[in-house]
Amino acid sequence: MAKHSLLEGLNPQQQKAVLHIKGPMLVLAGAGSGKTKVITHRFAYLSSACDVQPSSILAMTFTNKAANEMRERVEELTGKGTRGLWIGTFHSLSSRILRKEIEKLGYGRDFCIYDESDTSSLIRSILKEFRMHEALYKGIASRVSSLKASLVSSEALIANEESYGFDEKLAKVYVRYQEDLKKNNALDFDDLITCTVKLFEEHPTVLKKYQDEFEHIMIDEFQDTNLSQYRLSRLLASRHKNIFVVGDDDQSIYKFRGAEIGNILNFEKDFSKAKVIRLEQNYRSTQNILDAAGSVIEQNESRKSKKLWTDRGRGEKISYCIANNEQEEGGFIAQTIKDLYLKGKYSYGDMTILYRLNQQSRVLEESMRGSGIPYNVVGSISFYRRKEVKDIISYLKVINNPNDSVSLKRIINSPPRGIGKTTLTRLGNEAKKKEKSLFGIMKHVVKGNGYSSSFRDKIKGFTSLMDELIGDKDAELSELINLIYEKTGYLEWAGEEKRGNLMEIISSAEGKAMEDFLDNASLFSAHDEEETKDTVSLMTLHTVKGLESPVVFIAGLEDGLMPHFYSINRDDEIQEERRLFYVGMTRARDILFLSGVKRRKLYASVQDQQPSRFLSEIPSECCCYIEKRPRTGALSKGARVIQMRPRSTSPFATGVRVRHPKWGEGVVRDSYGETDDTKVMVNFPSVGIKRLSLKFANLEKIR
DNA sequence: AAACTAAAGCTTTTT
DNA sequence: GCTTTAGTTT
């Protein structure tokens, strides 16, 4: 049989996976084993060689980024567009179904999506009303979320657990939260999945329609599915049973958000006759890195065993360095980055620093700044989470759905119009009494007579403003946002600093439909912003999943940090921490640096730290220890020393822009040697890195 | 409504 | 320790 062109460049296991058509399949895809390739090739193969309509394939991922990548690669492979196809995140695809069907659950089709901060503020207002300690909102929000992820409805919680002190409170808040969401015609992230499950379970004809439609189902990162997502997948797959899941139990690091590693471990039980394929050839890292990571992850019980291998060769040994404190650790990393950069093989964009806690980034950032290394922190504050951006989105949400009281509260006094706390609580009480939404009661106040005229005028100012804007609803979206700026005076109020972001909202809204734009704004995350510049990336171990980098640093490898203090007493949590470390290690293509400190300042106190227990699980032949040079200058035996390079005094210091008669403009990356024999290393965009002797090379300094 | 002070927090966070 | 936010003052 002639080989299909889509199988070219795939190894035998990958081919087998792509060629699997009917029935359930589990692909255990080790880190860097080309799982995206398998999914996209299979998608393309099904639709071009197997007579499967691409529109009858449901392909679900977790992140927008992964979904976009999948779309792009499928387009490349098939040469056809992917518009309208069912490729997307669990959440976006669910909301697409719900936009059509949700009326059957008593919501309106124009429901809005609450993000975490909307959810928090709703829960907080409920706590306030119930006179419960408001500071509990975080814990309650996360417990409500995990109940939903496990498909425990508020009704079910009440029915099953009546007589627990705290749980009673929790249940009370949960019930009310759910009522409020419905009143506001709003769904939170968890609802997007659970409502779809509910829809399918309560409406068999709807379920059947989608079961018929989705002949094939593919799921990426299957180890990260929670119970509700798993149930959704099973419901949809139970007719054709063509469910193809790809994942790696060793990379399951989101248990705290409800991910059920059992979904992947029990797949074969839940889907009888499921075929299993292991992808064990790694195309990313060196054998040293794989061996080290492998022997760490082997310590975990209950995993699907995998042994990654590569034909890339052993590569460099992993380095491990212990610093005295976190400043020194940062200095060591900065110095190593400099050294690697100056050697010319790696640019800043090839290097990534990973850590367990966000707080660790601060000292690391200082070190980067101190050494003049350009860096970016990935996943800090996303554009859509900035205050001014959220405000404008809230205006749009209210224009789109005036009953959305959470969004309304957000904008009712920004810019300030004299509707402060007292007015708001008064309105809230009235609204509750009359069973109206906030906006509804405001309209009532404007019409009615039982209120003082100053109160009424204040409210009227707002409602007529909003009515005007609602009247402009059908304007082009960016035009509508302009009208918001004009009519509310938001732009002037926000000030110069925020102007840039506010303008960016307009340009990102151009030509978009309101609903699409709002959905995107809620379902968008920091991850999706692209990094194009040549900068060192800093991020947490969680954030780095799915990425790779030629050079990787993992900082803070100490017991209490990695594994984290909170997980140190529970073995299943230690195992999750180990997976986290494993994920970090396997991001590295060529070079992996590990570091930790002897004493670390955490919160208010300085603590003595012990090296991470995971380090002892790395075979010594894969790893070598680096010691920082002691103050005396004496070298300890067998130590590889990272030396500080003396600062150059030559006019051609690092970073200076120069012109060469033949190669044109370039940037000095390093200069060294005696004053009369200075050599410089210059990076010319035209020819790359060149070593030059200042005496002979006719270099000209430019600015 | 801005500007201050006090206090409470504090893993990780795909959507 | 440091940041965020709630509460108080002007």
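Keep in mind that the numbers below use all heavy atoms, side chains included, and drop hydrogens, waters and symmetry copies.
When each of A:Lys138 and A:Asp224 is assigned the nucleotide of DNA chain B bearing its nearest heavy atom, the one mapping closer to the 5' terminus is A:Lys138.
In the set B:dT11, C:dG1, B:dT13, the nucleotide with an atom closest to the side chain of A:Tyr566 is B:dT11. Closest contact between the side chain of A:Asn358 and the listed nucleotides B:dT11, B:dT15, B:dT13 involves B:dT13. Closest contact between the side chain of A:Arg362 and the listed nucleotides C:dC2, B:dT14, B:dT12 involves C:dC2. Taking the side chain of A:Phe62 as heavy atoms from C-beta on, and the options B:dT14, C:dG1, B:dT12, the nearest nucleotide is B:dT14. In this structure, the nucleotide among B:dT12, B:dC10, B:dT14 sitting nearest to the side chain of A:Ala259 is B:dT14.
Side-chain contact annotation: A:Gln575 with A:Asp571, donor-acceptor N/O pair under 3.5 Å present. Under the 3.5 Å distance criterion, with hydrogens and angles disregarded, no donor-acceptor pair is assigned to the side chains of A:Tyr566 and A:Glu573. With 3.5 Å as the limit, one finds a donor-acceptor pair spanning the side chains of A:Asn263 and A:Thr225.
B:dT14 and C:dT3: their C1' atoms are spaced 26 Å apart (whole Å). Annotation: B:dT13 and C:dT4 have their P atoms spaced 15 Å apart (nearest Å).
For the pair A:Asp190 CG and B:dT15 P, the computed distance is 14 Å after rounding to whole Å. In this structure, A:Lys255 atom NZ and B:dT11 atom C1' are separated by 14 Å, rounded to whole Å. Between A:Leu602 atom CG and B:dT12 atom P the separation is 11 Å, expressed in whole Å. To the nearest angstrom, P of B:dT12 lies 12 Å from CD of A:Glu116. Rounded to whole Å, atom P of C:dG1 lies 13 Å from atom CZ of A:Arg599. Per the geometry, CZ belonging to A:Phe565 stands 16 Å off C1' belonging to B:dT12, to the nearest Å. Counting to the nearest Å, the P atom of B:dT14 and the CD atom of A:Gln223 are 15 Å from each other. Atom-to-atom, CG of A:Asn68 to P of B:dT15 comes out at 10 Å; the value is rounded to the nearest Å.
Listed by chain and residue number, nothing satisfies the side chain to side chain donor-acceptor pair (under 3.5 Å) test with A:Arg362 (two or more places apart in sequence, or in another chain). Looking at residues two or more places apart in sequence or on another chain, you find no salt bridge (Lys or Arg N to Asp or Glu O under 4.0 Å) involving A:Glu260. In this structure, the salt bridge (Lys or Arg N to Asp or Glu O under 4.0 Å) partners of A:Glu221, at least two apart in sequence or on a different chain, are A:Lys35, A:Lys545. Judged as a ring pair (Phe, Tyr, Trp, His ring centres under 6.0 Å), and not counting sequence neighbours, the contacts of A:Phe614 are A:Phe581.
Looking at heavy-atom distances under 4.0 Å, A:Arg356 makes contact with a base.
Checking side-chain atoms of A:Gln607 against main-chain N and O of A:Leu602 turns up no donor-acceptor pair under 3.5 Å.
Of the side-chain N and O atoms in A:Thr543, none sit less than 4.0 angstrom from OP1 or OP2 of B:dT14. The phosphate of B:dT14 has neither OP1 nor OP2 within less than 4.0 Å of any side-chain N or O from A:Asn64. Residue A:Tyr603 places at least one side-chain N or O under 4.0 Å from the OP1 or OP2 atom of B:dT11.
The stretch residues 570-583 of chain A touches DNA chain B through A:Glu577, each having a heavy atom within less than 4.0 Å of the strand.
Helical stems in DNA chain B, defined as runs of 3 or more consecutive Watson-Crick or G-U wobble pairs with donor-acceptor distances under 3.5 Å: B:1-10 with C:1-10.
For the pair A:Phe90 and B:dT15, the ring geometry does not qualify as stacking, because the centroid separation below 5.5 Å and plane angle under 30° are not jointly satisfied. A:His564 qualifies as a stacking partner of the B:dT11 base, centre to centre under 5.5 Å and near-parallel within 30°.
With A:Lys397 as the partner, the salt bridge (Lys or Arg N to Asp or Glu O under 4.0 Å) test is satisfied by one option alone out of A:Asp110, A:Asp115, A:Asp118: A:Asp118.
By the 30° and 60° cut-offs, the orientation of the rings of A:Tyr254 relative to A:His542 is tilted.
No hydrogens or angles were tested; on distance alone, nothing pairs the side chain of A:Arg257 with the base of B:dT14 as donor and acceptor under 3.5 Å.
Distance CG/A:Leu192 to OG/A:Ser94: 6.5 Å, rounded to 0.5 Å.
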